[in-house]
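Along the sequence shown, residues carry numbers from 1.
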Amino acid sequence: MIVGILGCGAIASIILNNFLSKDSGIDIKYFYDHDMEKAENLATISDGIAVLDIDDMIDNVDLVLEAASPISVEKFGLKVLKKGKNIIIMSIGALMDNKFRDRMIEAATNNDAKIFAPSGAIVGLDGIKAASIGKINRATLTTRKPPRSLGKLVDEEEILYEGKASEAVKMFPVNINVAAALSIACNLDVDVKIIVDPKVDKNVHEVIVEGDFGQFKTRTENLPCEVNPKTSMLAAYSAIKLLKSLNENFIMGT
């Protein structure tokens with residue numbers, strides 16, 4: 001499988017370093033970024049190809065892995081699918097726009113392509129997807145992050161946002177993809193609270209889900225990526241696991 005990466009930042013670097021061996025059957029070969037130097041750096045590491053025109057990547061790959069931004073999903077996602085190529089979307093906040101998500105699904109359906117969304121920086125999405133077969137009555141997310149993860153300078157805990165996920169992803173497009181992942185898995189616009197807390201050194205996500213299945217609670221404490229503290233290491237690992245599973249014959253989980 002030949003893969004192209006859209007967005008050559010911290011997540012892309014982590015992913016690439018786990019696929020430098022071609023034994024996996026996955027060849028990350030093409031790189032595109034608005035910052036050409038970043039694309040060239042990753043291409044050099046992997047003996048790959050950095051492209052100036054994203055079409056030069058899409059036309060030569062089986063799958064595009066987006067690791068850039070919601071804006072990049074909106075700009076290039078439909079183009080990828082209309083060319084019959086699969087896509088992994090890290091910036092899942094872009095899919096909180098129901099009309100855009102429907103257009104993406106329609107394009108995938110009409111062109112025999114697939115859209116994949118990794119579980120990202122929280123645990124428990126398999127359970128939530130199973131629970132969504134029944135009725136989910138309530139779902140909440142409380143995210144607590146250190147100041148550097150949110151680009152803030154504060155000395156005391158501060159609530160930055162309290163409301164629905166659909167608005168949270170607009171206000172914090174690169175910080176709160178977990179809210180979008182949870183909402184889409186639940187088929188609900190979940191309630192979100194975002195707290196900046198100088199007393200924590202991890203990105204902490206607490207989830208409560210209630211429905212006709214019962215109730216569960218999860219707490220995920222993620223170490224931020226050293227290169228980009230806005231990104232949790234678990235988010236990159238979830239993309240790596242998903243990518244590897246596409247070539248596996250034994251798939252565990254929903």
Side-chain angles (χ1 to χ4, degrees), residues 1-7 11 15 26 30 32 54-55 57-122 124-136 139 141 164-170 172-174 176-190 192 207 209 211 235 238-248 251-254:
M1 179 192 302
I2 299 176
V3 175
I5 291 186
L6 164 57
I11 286 181
I15 292 169
I26 295 169
Y30 291 85
Y32 176 86
I54 195 168
D55 287 318
M57 179 172 78
I58 298 172
D59 290 341
N60 290 288
V61 301
D62 303 300
L63 178 145
V64 172
L65 194 157
E66 176 277 322
S69 67
I71 292 174
S72 294
V73 177
E74 294 164 4
K75 186 175 181 180
F76 299 118
L78 286 169
K79 175 178 284 196
V80 172
L81 295 170
K82 287 178 178 179
K83 291 197 173 188
K85 305 303 174 75
N86 299 331
I87 187 169
I88 293 177
I89 295 177
M90 298 298 296
S91 304
I92 194 172
L95 301 184
M96 281 295 287
D97 181 328
N98 292 332
K99 290 183 179 180
F100 177 67
R101 186 165 79 243
D102 288 344
R103 289 174 64 202
M104 289 281 284
I105 293 171
E106 181 181 13
T109 302
N110 292 342
N111 295 279
D112 194 27
K114 293 186 182 298
I115 304 164
F116 299 97
S119 55
I122 56 172
L125 281 191
D126 272 5
I128 292 169
K129 289 192 297 180
S132 70
I133 296 299
K135 181 175 177 56
I136 294 178
L141 167 69
K164 293 297 183 180
S166 55
E167 290 302 315
V169 298
K170 295 175 184 177
F172 303 91
V174 298
I176 201 70
N177 279 307
V178 290
L182 181 60
S183 291
I184 293 171
C186 287
N187 295 317
L188 290 174
D189 193 357
V190 304
V192 175
V207 174
V209 179
S238 74
I240 293 165
K241 182 57 183 173
L242 172 57
L243 194 53
K244 287 184 174 182
S245 74
L246 300 181
N247 271 354
E248 292 175 351
I251 309 296
M252 188 173 181
T254 58

Revision key, fill the gap. In short, A165 meets S183 closest at the heavy-atom pair CB-OG, 3.2 Å
Check your understanding: Are the side chain of D189 and the backbone N or O of K164 linked by a donor-acceptor pair below 3.5 Å?
Key -> no
Review point. Say you draw a straight line from CG of D126 to CE of M252; how long is it, rounded to the nearest 0.5 Å?
Key: 9.0 Å
Review point. To the nearest 0.5 Å, how far apart are CG in N187 and OG in S132?
Key: 5.5 Å
Check your understanding: What's the shortest heavy-atom distance between M90 and A239, and which atoms?
Key -> SD-CB, 3.5 Å
Practice item. Give a yes or no answer on whether the side chain of K85 reaches the backbone of V64 with a donor-acceptor pair at less than 3.5 Å. Key: no
Study note, to complete from the structure: Of all heavy-atom pairs linking L125 and A185, the shortest is CD2-CB, 3.8 Å
Practice item. Search all heavy atoms of N247 against all heavy atoms of M1 and return the closest pair with its distance. Key: OD1-CE, 3.8 Å
Exercise for review: Starting at CD1 of I15, measure out to CD1 of I5 and round the result to the nearest 0.5 Å.
Suggested key: 5.5 Å
Review point. Do V169 and V192 have side-chain heavy atoms sitting under 4.5 Å apart?
Key: no
Donor-acceptor contacts under 3.5 Å from residues 106-118 side chains, at least two apart:
unit_1: T109; atom_1: OG1; unit_2: I105; atom_2: O; d: 2.8
unit_1: N110; atom_1: ND2; unit_2: E106; atom_2: O; d: 3.3
unit_1: N111; atom_1: ND2; unit_2: A107; atom_2: O; d: 2.8

Revision key, fill the gap. Only residue of V80, V73, L65 satisfying side chain to side chain contact (heavy atoms under 4.5 Å, CB included) with I89 is V73
Review point. Hey, does I54 have a side-chain heavy atom less than 4.5 Å from the side chain of L6?
Key: yes
Check your understanding: Do other residues, nucleotides or ligands put more than 12 heavy atoms under 6.0 Å from I2 CD1?
Key -> yes
Exercise for review: Measure the CG-OG distance between L182 and S119 for me, rounded to the nearest 0.5 Å.
Suggested key: 12.0 Å
Revision key, fill the gap. Between the CG atom in L95 and the CG atom in D102, the distance rounded to the nearest 0.5 Å is 10.5 Å
**Study point:** Heavy-atom closest pair, residues I128 and C186
**Key:** CG2-SG, 3.5 Å
Practice item. Please check if any side-chain donor atom of S72 sits under 3.5 Å from a side-chain acceptor atom of E66, or the reverse. Key: no
Point to revise | From CA spacing to verdict: side chain to side chain contact (heavy atoms under 4.5 Å, CB included), V209, V190 | key: CA-CA 10 Å; V209 179; V190 304; over 6 Å; no
Exercise for review: Would you please test V3 and L63 for side chain to side chain contact (heavy atoms under 4.5 Å, CB included) and show each step?
Suggested key: CA-CA 5 Å; V3 175; L63 178 145; 4.0 Å; yes
Practice item. Take K241 and E248 through the test salt bridge (Lys or Arg N to Asp or Glu O under 4.0 Å) and record every step on the way to the result. Key: CA-CA 10 Å; K241 182 57 183 173; E248 292 175 351; 3.7 Å; yes
**Study point:** pair D55-K83: side-chain heavy atoms closer than 4.5 Å
**Key:** yes
Check your understanding: Given side chains that start at C-beta, do those of R101 and I184 come closer than 4.5 Å, heavy atoms only?
Key -> yes
Practice item. Dump the intermediate steps for side chain to side chain contact (heavy atoms under 4.5 Å, CB included) on N86 and L246, then the final yes or no. Key: CA-CA 11 Å; N86 299 331; L246 300 181; over 6 Å; no
Point to revise | Shortest non-hydrogen contact between G93 and N177, atoms and distance | key: N-OD1, 3.0 Å
Practice item. Quick one: pull up CD1 in I11 and OG in S91 and give me the separation to the nearest 0.5 Å. Key: 7.5 Å
